[in-house]
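The structure appears below as structure tokens.
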2 protein chains.
Amino acid sequence: MSDDPHHPRLRIRVVFGERGMIGPGKADLLDGIARHGSIAAAGREMGMSYKRAWELIGTLNAMFHAPLVTRTRGGAGGGGAVLTETGHEVLALYRGVEAGAAEAGERQIATLRGLLRDIPDGK
Amino acid sequence: MSDDPHHPRLRIRVVFGERGMIGPGKADLLDGIARHGSIAAAGREMGMSYKRAWELIGTLNAMFHAPLVTRTRGGAGGGGAVLTETGHEVLALYRGVEAGAAEAGERQIATLRGLLRDIPDGK
DNA sequence: GTGCGATATGTTTCGTGGAACATATCTGAA
DNA sequence: TTCAGATATGTTCCACGAAACATATCGCAC
């Protein structure tokens, strides 16, 4: 979609043992909610069913000591969802890990990329 | 198995667009082959079927401009597999990315860990 | 009090990755 | 010339997660 297939991408998942984990999916979802103010809209944007988005948010909320997303039902516009302070914090921390890792691994990744076989078939 | 569930772990996957990707699974497999000199033994060690291990090695070999693993059939001991120079190089680069990311994200991850909910059930 | 738009959940269907199973093949050693 | 132990591959089966489908609920606006 909007990602350059020629540039290596780093997908990072932080695993907290049995307590859960957070990766690109949940992060992007939080991001979408922050931008749209709606679980449904965020899910739609990334081609994810409302149900799945809702479930992910549920696990995220249960995972931290305070919910990351608060929801409102009914009302003008039908309701909506917003990131709590903790929500913004967690998202920022995750993005920080991503950015730091990308920078720290820049050299190795470039070298790795150079070792790849030339594209076998341009489709 | 040997991973401390209390300490957050970073799982990193380097994605090269359509050309493939490398993550913990393939890296550990390469590692096992380097240590055991056998695809089968490496697979066994990580509870992976020989077939799956063999397939992963196949995609890895096809992914880079030179094979990462060379195999020998028959002979004393039935055969075996060893990492090529490129194989060692790729593994080292991936481990480097992992290490760099872990170090770079140390702060954020610790903070994230502090935001987790207290364990709900000690099992 | 009806409609709208979003959250909230349950149920069922379905595709896919992996496990399990089954062989075939290779070659040095005994 | 048989055996051992590893690579090499195809086929079938099944669990699990996600998608699809189906409702229910909420509350402001009109």
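Just so we're on the same page: letters track the sequence lines, and every chain starts at 1.
- Rounded to whole angstrom, the span from the CE atom of A:Met46 across to the P atom of D:dA18 amounts to 12 Å.
- Atom OH of B:Tyr50 is separated from atom P of C:dC21 by 19 Å (rounded to the nearest Å).
- Comparing B:Met48 and A:Arg44 against DNA chain C, the residue whose closest nucleotide sits nearer the 5' end is A:Arg44.
- Counting non-hydrogen atoms of neighbouring residues, nucleotides and ligands closer than 6.0 angstrom, the CZ atom of B:Arg35 exceeds 12 such neighbours.
- D:dA8 atom P lies 10 Å from atom CD1 of B:Ile33, rounded to whole Å.
- Within 4.0 Å (heavy atoms only), B:Gly79 reaches sugar-phosphate atoms of the nucleic acid but no base atom.
- Residue contacts shown for A:Gly77 are limited to sugar-phosphate atoms, with no base heavy atom under 4.0 Å away.
- For C:dT7, its base never sits under 3.5 Å from the side chain of A:Lys51 at any donor and acceptor pair.
- By the neighbour-count criterion of 12 heavy atoms within 6.0 Å, atom CD of A:Glu55 is densely surrounded, having more than that number from other residues, nucleotides or ligands.
- Of all the heavy atoms in A:His88 and A:Ala34, the pair that sits closest is NE2-CB, 4.3 Å.
- Across the protein-nucleic acid pair, B:Glu55 atom CD and C:dG18 atom P stand 8 Å apart, rounded to whole Å.
- Contact annotation: A:Arg52 side-chain N/O to D:dG17 OP1/OP2 distance is not under 4.0 Å.
- Atom C1' of nucleotide C:dT9 and atom CD1 of A:Ile39 are separated by 13 Å, given to the nearest angstrom.
- With rounding to whole Å, B:Leu56 atom CG is found 15 Å from D:dT9 atom P.
- Without hydrogens or angle criteria, A:Asp31 side chain to A:Leu91 main chain gives no donor-acceptor distance under 3.5 Å.
- A close approach under 4.0 Å does occur between a side-chain nitrogen or oxygen of B:Ser38 and OP1 or OP2 of D:dT7.
- Neither OP1 nor OP2 of D:dT25 sits under 4.0 Å from any side-chain N or O of A:Arg73.
- Contact between the side-chain N/O atoms of B:Trp54 and the OP1/OP2 oxygens of D:dA8 is found at a separation under 4.0 Å.
- More than 12 heavy atoms of other shown residues, nucleotides or ligands fall within 6.0 angstrom of atom CZ in B:Arg95.
- Atom CZ in B:Arg71 sits roughly 9 Å away from atom P in D:dT7 (whole-Å rounding).
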